[in-house]
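Because only heavy atoms are used, hydrogens play no part in the values below, and waters and symmetry mates are left out as well, while side chains stay in. On a predicted model such as this, the values are computed, not experimentally measured, just so you know.
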2 protein chains.
Amino acid sequence: MERVGFIGLGIMGKPMAQNLLSAGYPLTVHSRSTGPVDEMVAAGATRGASPQHVAGASDVIITMLPDTQDVESVLFGGEGLASGAAAGSLVIDMSTIDPGPARAFAARLAERSVAMVDAPVSGGEKGAIEGTLSIMIGGAEADVARAKPLFDVLGSTIVHVGGDGAGQVCKACNQLVVGATIEAVAEALSLAERSGVDPAKVREALLGGFAGSKILEVHGQRMLDRTYEPGFRARLHAKDAGIVLKAAADSGAPVPSFQVVAAQFAKLVEAGGGELDHSALRTLLDEP
Amino acid sequence: MERVGFIGLGIMGKPMAQNLLSAGYPLTVHSRSTGPVDEMVAAGATRGASPQHVAGASDVIITMLPDTQDVESVLFGGEGLASGAAAGSLVIDMSTIDPGPARAFAARLAERSVAMVDAPVSGGEKGAIEGTLSIMIGGAEADVARAKPLFDVLGSTIVHVGGDGAGQVCKACNQLVVGATIEAVAEALSLAERSGVDPAKVREALLGGFAGSKILEVHGQRMLDRTYEPGFRARLHAKDAGIVLKAAADSGAPVPSFQVVAAQFAKLVEAGGGELDHSALRTLLDEP
């Protein structure tokens, strides 16, 4: 059984690491906050003093971090992962970051004979706890096959999308569609309400036809109830919207409707709604 | 069994009228083109010389027409339906029109003791032929109950949304969500492709999660195949987009992302794509 390192024990990372520990993997962990590290050590994991130390003690190292800059500094900063990783080891970055840097990081690690796959997830805290995440993977066939037993512990929908960075591109596409569909459902339910029509009836009528979606079902119901506990926080979707726009600009892909959606997310965060569920885009359409 | 009149034997109207005839309803029909009328008469229907004549021969009159102006002129123009309808008769308008005029038409007919319900549909020609349309209904409870046996012949999802015009508001919401979701899926698959990632893999990865929708499934596949035979014609969605924007303006509902989607539909029609399926919004994102 490969020795696994895990860096980033946040809301997502901690339950993922716990699932790997429960599956029997020898685990070395590191995180900015000591609380989650202490918890994991109490549960049987080994403390890693730095990313470098984690890498030295592991065959496969998973990173689950907030943003591109965090991944870069954990990989290549002082006491970084790259400086401790043995040739032949594998880095699995499950953070959601810009596709461009994801490709660049893989290339830099390859120079040291360290393999990397990008494997961002969707499914939220619930999916992380239950081991039912959707995992979108970019990287070389052999590396993805090597990572597969770990993915099987962490997720239930596992798709190898393409080469380096393809997982991040796929995640960007996912956040584009999810964000735009939330905004569309919000606009429709607001239009119904302002026209004096029961939005619950409209949601019901639309669910069975071509307007039907997971978002209309789940997030549409949140909008009707006006309950915006996350779920997935608006500020994280705002961050991901930035990744979508960056990926679109880098590839020359026009995303005219998502430009508006990204602006709505920024507006929601600015209005203080960043900690609410992303379905709170609906609140921007309420009468003042 | 009520005597039924049917006005407007187009792509949708003709199969709907045929289903009512097959269900045994005595049917009087009228349409601008004589071809479909001749066909229906050969099948056992009675020819109505004018909307007025159809109304005089029927207890319930269904209209299935292209646009708001057509409905107004069939109802209230020379030899119009209103001038021939007996007190106590029922008009069912199944066209997709502006909610405001739909309410006004119902009020004008009520002055003559003629009832009206608005009952636009979705499901396309296929749904019309198979009698599996989704029907979104606005009107008074008793009138909707009276129309119900006819709806059961024509559709499979039948939702009474609210009072006069509520069916049209619901249809506008439907077209908003369908159009915006098509644009979102198009933008995502274009982003994948331009980033060098297989859009088929992205569609597959997204289908199981929160990005999953009927549109991603059906229209996403059309975009991958680049086959844009309708389905639902872009020029009709462009027309419906106008109805959405009108309803939004009338009710004060902000629809920032749909503004962009409506502009894309207009652009597609302008570029000569009006007869293509609405999923051809994807073509606007192709490299020139």
Side-chain angles (χ1 to χ4, degrees), chain A residues 99 122-123 134 136 157 159-162 165-166 169-170 172-174 176-178 180-181 183-185 187-192 194-198 201-202 204-206 208-216 218 244 247-248 250-261 263-264 285 287, chain B residues 99 122-123 134 136 157 159-162 165-166 169-170 172-174 176-178 180-181 183-185 187-192 194-198 201-202 204-206 208-216 218 244 247-248 250-261 263-264 285 287:
Chain A
S122 77
S134 287
M136 298 157 251
T157 304
V159 182
H160 183 194
V161 182
V169 169
C170 189
C173 293
N174 187 77
L176 189 166
V177 172
V178 168
T181 310
E183 176 63 20
V185 168
E187 292 180 10
L189 297 183
S190 148
L191 172 59
R194 293 207 193 213
S195 303
V197 173
D198 181 359
K201 288 277 185 190
V202 169
E204 180 195 338
L206 266 51
F210 275 120
S213 68
K214 193 82 182 161
I215 296 292
L216 179 62
V218 175
V244 172
D250 287 351
S251 66
V255 289
S257 85
F258 192 75
Q259 296 277 0
V260 173
V261 175
Q264 292 291 95
L285 309 175
E287 301 191 51
Chain B
S122 77
S134 285
M136 297 158 255
T157 304
V159 182
H160 182 193
V161 181
V169 169
C170 189
C173 292
N174 187 77
L176 188 168
V177 171
V178 168
T181 310
E183 175 63 19
V185 168
E187 292 181 11
L189 297 182
S190 150
L191 172 59
R194 292 206 193 215
S195 304
V197 172
D198 181 359
K201 287 278 185 188
V202 168
E204 181 197 337
L206 267 51
F210 275 119
S213 67
K214 193 84 182 158
I215 296 292
L216 179 63
V218 176
V244 172
D250 287 351
S251 65
V255 289
S257 85
F258 193 74
Q259 297 276 2
V260 172
V261 175
Q264 292 292 96
L285 309 176
E287 303 192 49

- Value rounded to 0.5 Å, distance of CD in Q264(A) from CG in L285(A): 6.5 Å
- Task: Measure distances from P99(A) to the heavy atoms of chain B and classify the residue's part below 4.5 Å as side chain, backbone, both or neither.
- Result: neither
- Indicate yes or no: at least one non-hydrogen side-chain atom of L191(B) is less than 4.5 angstrom from one of L189(B). no
- Task: Count the heavy-atom pairs under 4.5 Å between each of C170(B), C173(B), A166(B) and chain A, then report the option with the highest count.
- Result: C173(B)
- Task: Could you tell me which portion of Q259(B) (side chain, backbone, both or neither) has an atom closer than 4.5 angstrom to a non-hydrogen atom of chain A?
- Result: neither
- Note on the structure: Most contact-rich option vs chain A, by heavy-atom pairs under 4.5 angstrom, among V178(B), V218(B), L176(B), V244(B), is L176(B)
- Task: Return the option, out of V177(B), N174(B), V161(B), with the maximum number of heavy-atom pairs under 4.5 Å with chain A.
- Result: N174(B)
- Looking only at G208(B), G196(B), A172(B), G212(B), the option with the highest number of non-hydrogen pairs under 4.5 Å against chain A is G212(B)
- Note on the structure: Interface check, chain B: of S195(A), A247(A), G162(A), most non-hydrogen pairs under 4.5 Å belong to S195(A)
- Message: Can you tell me how far apart NE2 (H160(B)) and CE (M136(B)) are? Round to the nearest 0.5 Å.
- Response: 13.5 Å
- Query: With no hydrogens and no angle check, is any side-chain donor or acceptor of R194(B) less than 3.5 Å from a backbone partner on S251(A)?
  - Reply: no
- Max heavy-atom pairs within cutoff under 4.5 Å with chain B, candidates A188(A), G123(A), S213(A), goes to A188(A)
- Query: For the candidates V260(B), V261(B), T181(B), which exhibits the highest count of non-hydrogen atom pairs separated by less than 4.5 Å from chain A?
  - Reply: V260(B)
- Structural part of P254(B) lying under 4.5 Å from a heavy atom of chain A: both
- Note on the structure: d(E187(B) CD, S257(A) OG) to nearest 0.5 Å is 3.5 Å
- Message: Please report the interatomic distance CG(L216(A)) to NZ(K214(B)), rounded to the nearest 0.5 Å.
- Response: 14.0 Å
- What residue in A248(B), A180(B), A205(B) has the most heavy-atom pairs under 4.5 Å with chain A? A205(B)
